[in-house]
Amino acid sequence: MTLKSIIDAFQGRPVVVYGDLVADVFVYGDISRISREAPVLILSHRETQIVPGGAANAVHNLWALGGEPLPVGIVGDDREGELLLDYFAALKVDTRGIKRVKSYRTPTKTRFLAGAAHAYQQQVLRLDVGAPVQADVGRGAIGRALRTRLRKADAALVSDYGYGLVQPEISAEFRGTGLPAIVDSRYNIGAYPGLTAATPNESEVEAALGIKIGNDPNKLELAGRALLRRLKHEALLVTRGKDGMALFERGRKTTHIPIYGTDEIADVTGAGDTVIAVFTLALSTGAGFSDAARLANYAGGIAVMKHGTRTVTRKELTKAVTSDTGQK
């Protein structure tokens with residue numbers, strides 16, 4: 001399969017997304033002056049945008065790439081939860097696997113950005129709201145929704161942002177399906193052994209192993225192999241910012257993929273969600289790990305050149321591949 005043919009095969013591919021659904025809020029304004037009450041900047045409000053974040057951003061990316069996302073998770077009985085459901089309903093994403101829970105607060109990350117309307121927007125503050133879900137909240141209904149949707153899927157994506165919905169024991173649900181199951185865990189990647197692959201960034205690998213990799217290629221190799229053995233996965237795709245990606249596979253040499261585009265990164269917000277979405281969607285078509293990683297690298301390079309939480313579309317990904325490789 002060529003990379004172009006893999007992208008073409010994205011259309012209509014059903015992928016389950018199980019994880020922490022987050023609302024990303026962006027508040028834009030201009031710095032008008034310094035407050036007389038305290039030495040702080042006064043932001044004159046211009047506009048507010050609310051977009052899917054966390055696992056919801058992975059859902060959004062799958063949709064933008066032509067896939068059929070099947071989200072499974074919870075939101076609170078609050079404005080942010082309602083807005084996320086409305087957002088997906090407008091895209092005709094199946095939201096029946098998303099349960100509203102009154103005792104839960106939809107995780108919300110509010111970023112305040114300052115700058116003129118058509119100039120660079122500098123983030124000056126981020127406010128996070130939302131506590132981990134209680135152990136017994138909605139788990140029965142969520143488990144049933146997950147099993148139902150896994151029967152319809154070609155792959156599964158697990159997005160653990162540390163809000164408590166995703167627990168290590170859930171791995172058994174995915175291992176029993178035979179589907180490619182890819183996990184991204186912000187704080188606990190080592191707790192999900194036996195799946196197909198994981199997509200941690202380099203700092204998450206360091207945290208999982210209690211080491212520092214720095215710019216040492218030998219330490220990177222040892223760390224990647226050690227985590228791959230610990231997880232008992234078939235592959236490990238480590239994202240490395242401006243240094244691109246490193247793909248570790250059982251029984252194969254490590255593949256180092258240089259960053260696509262420029263290393264002058266604009267904004268990394270949500271880029272990891274884009275990477276795992278493309279990687280998983282590619283595997284759902286039957287593509288190998290190497291081709292899936294190369295496509296994820298293209299998508300990651302596009303994502304970090306956009307400000308805020310933004311998707312990468314199938315058209316953008318196709319254009320990047322054809323312009324870089326000449327594939328038609």
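The analysis underlying the following values was restricted to heavy atoms, covering all of them including side chains, and did not include hydrogens, waters or symmetry mates. Position 1 is the first residue of the sequence; numbering continues from there.
At a threshold of 4.5 Å between non-hydrogen side-chain atoms, the residues Asp291 and Leu3 count as touching. When side chains are defined from C-beta on, Val275 counts as touching Leu237, because their heavy atoms get closer than 4.5 Å. Using a 4.5 Å cut-off on side-chain heavy atoms (C-beta onward), Leu21 and Thr106 make no contact. Using a 4.5 Å cut-off on side-chain heavy atoms (C-beta onward), Leu195 and Ser171 make contact. Residues Thr199 and Thr239 have side chains not in contact (no heavy-atom distance under 4.5 Å, counting atoms from C-beta outward). Within the 4.5 Å cutoff, the side chain of Tyr87 has heavy atoms near those of the Pro52 side chain. Contact annotation: the side chain of Val278 approaches that of Leu317 to within less than 4.5 Å [non-hydrogen atoms, C-beta and beyond]. Proximity of Leu70 to Val72: side-chain heavy atoms (C-beta onward) are nowhere separated by under 4.5 Å.
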- Task: Kindly determine whether Thr255 and Arg294 satisfy side chain to side chain donor-acceptor pair (under 3.5 Å), including the steps that lead there.
- Result: CA-CA 10 Å; Thr255 302; Arg294 290 170 65 197; over 6 Å; no
- Task: Start with the C-alpha distance between Leu281 and Val15, add both sets of side-chain angles, then the distance that settles side-chain contact (heavy atoms from CB on, under 4.5 Å), and finish with yes or no.
- Result: CA-CA 7 Å; Leu281 196 51; Val15 176; 3.8 Å; yes
- Task: Would you please test Phe174 and Leu179 for side-chain contact (heavy atoms from CB on, under 4.5 Å) and show each step?
- Result: CA-CA 7 Å; Phe174 300 99; Leu179 299 173; over 6 Å; no
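Remark: Arg240 CZ to His256 NE2 distance equals 7.5 Å, nearest 0.5 Å. Atom CZ of Arg225 sits about 9.0 Å away from atom CG of Leu236, to the nearest 0.5 Å. A distance of 9.0 Å separates CD1 of Ile259 from NZ of Lys242, quoted to the nearest 0.5 Å. The CZ atom of Arg79 sits 4.0 Å away from atom CD1 of Ile50, with the distance rounded to the nearest 0.5 Å. The distance from atom CZ of Arg100 to atom CG of Asp77, rounded to the nearest 0.5 Å, is 4.5 Å.
Nearest heavy atom pair, residue Gly81 against residue Val75, reads CA-CB, 3.8 Å. Among all heavy-atom pairs drawn from Ala153 and Val16, the shortest one is CB-CG2, 3.7 Å. Heavy-atom minimum distance, Gly97 versus Ile142: O-CD1, 4.0 Å. In this structure, Ser185 and Tyr192 approach most closely via the heavy-atom pair OG-CE1, 3.8 Å. Between Leu43 and Ala114 the shortest heavy-atom distance is CD1-CB, 3.7 Å. Taking all atoms of both residues into account, the shortest heavy-atom contact from Pro14 to Lys152 is CG-O, 3.2 Å.
The hydrophobic clustering, which links ILVMFWY residues whose side-chain heavy atoms are closer than 4.5 Å, places Ile182 and Phe10 together. Both Ile31 and Leu125 are members of a single hydrophobic cluster when ILVMFWY side chains are connected at heavy-atom separations under 4.5 Å. Follow the hydrophobic side-chain contacts under 4.5 Å out from Leu113 and you never reach Val27; the two are in separate clusters. Hydrophobic clustering (ILVMFWY, side-chain heavy atoms < 4.5 Å, transitive): Leu231 and Val183 are in one cluster. Note on Met1 and Leu295: same hydrophobic cluster, where clusters join Ile, Leu, Val, Met, Phe, Trp and Tyr whose side-chain heavy atoms are under 4.5 Å apart, directly or indirectly.
For Thr2 (side chain) and Ser5 (main-chain N/O), a donor-acceptor pair under 3.5 Å exists by modelled atom type. Counting only distance, with no hydrogens or angles, the side chain of Asp20 and the backbone of Tyr161 share a donor-acceptor pair below 3.5 Å. When atom types are taken as modelled, the side chain of Trp63 and the backbone of Leu91 share a donor-acceptor pair closer than 3.5 angstrom. Between the side chain of Asp216 and the backbone N or O of Asn218 there is at least one donor-acceptor pair closer than 3.5 Å. Under a 3.5 Å cut-off, the side chain of Ser323 and the backbone N or O of Ala320 do form a donor-acceptor pair. Side-chain atoms of Glu80 do not come within 3.5 Å of backbone N or O of Pro107 as any donor-acceptor pair.
Applying the ring pair (Phe, Tyr, Trp, His ring centres under 6.0 Å) test to Phe248 and every residue at least two apart in sequence or in another chain returns nothing. Scanning for side-chain contact (heavy atoms from CB on, under 4.5 Å) contacts around Ala226 gives Leu209, Arg229, with sequence neighbours left out. Take Pro132 and apply the side-chain contact (heavy atoms from CB on, under 4.5 Å) test, not counting sequence neighbours, and it matches no residue.
The salt bridge (charged side-chain N to carboxylate O under 4.0 Å, His left out) pairs that include a residue from residues 172-190 are Arg147-Glu173, Arg186-Glu204, where partners are two or more places apart or lie in different chains. Residues in residues 277-305 take part in these ring pair (Phe, Tyr, Trp, His ring centres under 6.0 Å) pairs, two or more places apart or across chains: Tyr260-Tyr298. Under the salt bridge (charged side-chain N to carboxylate O under 4.0 Å, His left out) criterion, the residue pairs touching residues 243-261 are Glu249-Arg252, with sequence neighbours excluded.
Environment of CG in Asp128: crowded, with over 12 heavy atoms of neighbouring residues, nucleotides or ligands closer than 6.0 Å.
Using a 3.5 Å distance cut-off with no hydrogens or angles, the side chains of Asn61 and Thr274 do pair a donor with an acceptor.
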